Novice: 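Take a look at this one; I'll ask things after.
Atoms considered below: every heavy atom in the structure, side chains included; atoms not considered: hydrogens, waters and symmetry mates. Numbering of residues begins at 1 and proceeds along the displayed sequence. Quick caveat, the model's predicted, so the values are computed rather than measured.
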Amino acid sequence: FPSHDNIASFVVKATSGTGNPSWGTLWSGMEGLLFSASAMNQVWVDFHVDHDYALGTALYPHVHWTPTTTATGTVRWGIEYSVAKGHQQGASSIFPATTTVYVEQTISTNSQWMHFIAEVSQADAIPGTNIEPDTMIKIRVFRDAAHPNDTYAGTVHAWQSDLHYQANRFATLNKAPSFNGA
C-alpha cells in the first residue's frame with residue numbers, strides 16, 4: 001500500500017496558564033512555539049481519517065521538531081490519544097479513555113536547527129481496529145522535559161504533528177458507512 005500523511009498544525013490553549021509552550025524567535029527572524037527544557041509543555045491536534053485509509057492498518061503519529069541550541073541529549077515526547085468513529089455508530093463513536101505513548105530521540109552531535117521527526121514505533125502505533133474514514137483522533141502532544149530521560153538542556157521548536165497511514169484507494173465509494181458499498 002502507498003503511505004500517506006494526515007497533517008495538522010498545533011493548537012495552543014488561548015488562555016494563559018501552565019503547560020503552554022512559549023512563542024519566540026528562531027533563526028533569521030522566523031518565529032514559532034518553543035518547548036521548555038525544564039517544564040512540561042503541551043499542544044493539541046485533531047485528525048480526521050481520510051477516505052483513502054486502508055482499513056485495519058496502524059497509524060503512526062509523529063512530531064516535527066528542531067533543537068534550538070548546539071547541546072546534545074535526549075528529547076522525550078509524549079503522545080496521548082483517543083479515537084472515535086463518526087456517524088453515530090453507538091459505543092464506537094464515543095471517545096474512550098486516552099492512551100499515552102512516548103518517543104525519545106537522542107541528539108549526539110551539534111544538530112541546531114536540524115529537522116527531526118519523532119515517530120512512534122510499530123508497537124506504539126495507533127491500532128487499526130475501530131478506525132475507518134471519518135474517524136476522529138484527538139491527540140495531546142507534550143514534551144516530557146521533567147522526566148529523567150529528557151536530558152537535552154535547551155528548548156526545542158516543534159511546529160506540527162502528522163499521522164503516517166496506509167492508503168489503498170483514492171477515496172471511498174460512499175461518504176458514510178458502508179463506505180465501500182454493501
Side-chain angles (χ1 to χ4, degrees), residues 1-21 32-33 35 39-65 75-105 116-147 156 158-182:
F1 294 119
S3 180
H4 287 234
D5 262 330
N6 190 321
I7 302 168
S9 297
F10 290 144
V11 175
V12 179
K13 288 190 299 187
T15 59
S16 61
T18 61
N20 288 341
L33 295 174
F35 289 73
M40 190 275 302
N41 287 159
Q42 59 192 356
V43 292
W44 288 264
V45 185
D46 293 334
F47 289 103
H48 168 266
V49 175
D50 293 335
H51 285 251
D52 62 352
Y53 168 70
L55 295 176
T57 60
L59 298 99
Y60 298 85
H62 55 281
V63 180
H64 291 263
W65 68 280
V75 175
R76 179 178 165 95
W77 292 102
I79 298 172
E80 179 182 18
Y81 67 89
S82 185
V83 176
K85 285 184 178 181
H87 303 281
Q88 308 80 38
Q89 297 182 65
S92 63
S93 289
I94 297 171
F95 283 97
T98 61
T99 299
T100 304
V101 295
Y102 296 91
V103 179
E104 295 179 359
Q105 282 190 302
F116 281 79
I117 299 175
E119 183 170 58
V120 301
S121 67
Q122 187 166 0
D124 288 334
I126 299 172
T129 53
N130 203 39
I131 295 180
E132 64 185 18
D134 290 336
T135 295
M136 289 301 297
I137 303 173
K138 295 198 68 66
I139 294 182
R140 178 176 75 104
V141 174
F142 59 98
R143 180 177 178 191
D144 198 9
H147 191 278
V156 298
W159 55 92
Q160 74 181 41
S161 183
D162 306 37
L163 289 174
H164 285 146
Y165 69 96
Q166 295 296 308
N168 67 351
R169 63 179 67 89
F170 175 70
T172 57
L173 180 63
N174 299 316
K175 66 180 183 67
S178 168
F179 289 101
N180 294 310

Novice: Rounded at 0.5 Å granularity, tell me how far CG in D162 sits from OH in Y60.
Specialist: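 Those atoms lie 15.0 Å apart.
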Novice: Under 4.5 Å between any side-chain heavy atoms of I137 and D46, yes or no?
Specialist: no
Novice: Of the options Y81, Y165, F47, which is the one that meets L59 in a side-chain contact (heavy atoms from CB on, under 4.5 Å)?
Specialist: Y165
Novice: Is there a donor-acceptor contact under 3.5 Å from the side chain of S82 to the main chain of P96?
Specialist: yes
Novice: Let's go through R76 and R143 carefully: what are the C-alpha distance in whole Å and the side-chain angles of both, what is the deciding distance for side chain to side chain contact (heavy atoms under 4.5 Å, CB included) to 0.1 Å, and is it a yes or a no?
Specialist: CA-CA 6 Å; R76 179 178 165 95; R143 180 177 178 191; over 6 Å; no
Novice: Side chains of L33 and V43, heavy atoms from C-beta outward: is any pair under 4.5 Å?
Specialist: yes
Novice: When you check the side-chain N and O atoms of Q42 and E80, is any donor under 3.5 Å from an acceptor?
Specialist: no
Novice: Output yes when a side-chain donor or acceptor of E119 lies under 3.5 Å from a complementary backbone atom of P61, and no otherwise.
Specialist: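 Here the side-chain-to-backbone pair does not exist.
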Novice: Quick check: do I117 and V63 have side-chain heavy atoms less than 4.5 Å from each other?
Specialist: no
Novice: I want to check something: taking the side chain as every heavy atom from C-beta on, are L163 and I126 in contact at a cut-off of under 4.5 Å?
Specialist: yes
Novice: Which heavy-atom pair separates V120 from A125 by the least distance, and what is that distance?
Specialist: CG2-CA, 3.8 Å
Novice: With a 3.5 Å cut-off and no angle check, do the side chains of S93 and Q88 form a donor-acceptor pair?
Specialist: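 Not at all, the side chains of S93 and Q88 share no donor-acceptor pair under 3.5 Å.
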Novice: For the atom pair CD (Q89) and CG (N130), what is the distance rounded to the nearest 0.5 Å?
Specialist: 8.5 Å
Novice: Do D134 and H48 have side-chain heavy atoms sitting under 4.5 Å apart?
Specialist: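 Yes, side chains in contact.
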Novice: Mind checking the OG-NE2 spacing from S161 to H64? Nearest 0.5 Å is all I need.
Specialist: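 If we round to the nearest 0.5 Å, S161:OG and H64:NE2 are 7.5 Å apart.
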Novice: Of the non-hydrogen atoms in D144 and Y102, which two are nearest, and what is the gap between them?
Specialist: OD2-CE2, 3.6 Å
Novice: Can you measure from CZ (R140) to OG1 (T98) and round to the nearest 0.5 angstrom?
Specialist: 8.0 Å
Novice: How many angstroms lie between atom CG of D52 and atom CD of Q166, to the nearest 0.5 angstrom?
Specialist: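 The CG atom of D52 sits 10.5 Å away from the CD atom of Q166.
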Novice: Of F116, F35, F142, which meets ring pair (Phe, Tyr, Trp, His ring centres under 6.0 Å) against W77?
Specialist: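 Exactly one option meets the ring pair (Phe, Tyr, Trp, His ring centres under 6.0 Å) with W77, and it is F35.
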Novice: Report the C-alpha separation of E104 and V75 in whole Å, then their side-chain angles, then the decisive distance to 0.1 Å, and conclude whether the side chain to side chain contact (heavy atoms under 4.5 Å, CB included) test is met.
Specialist: CA-CA 6 Å; E104 295 179 359; V75 175; over 6 Å; no
Novice: Kindly compute the distance separating NE2 (H51) from CD (E132), expressed to the nearest 0.5 Å.
Specialist: 9.0 Å
Novice: Closest heavy-atom contact between N20 and N41?
Specialist: O-ND2, 3.3 Å
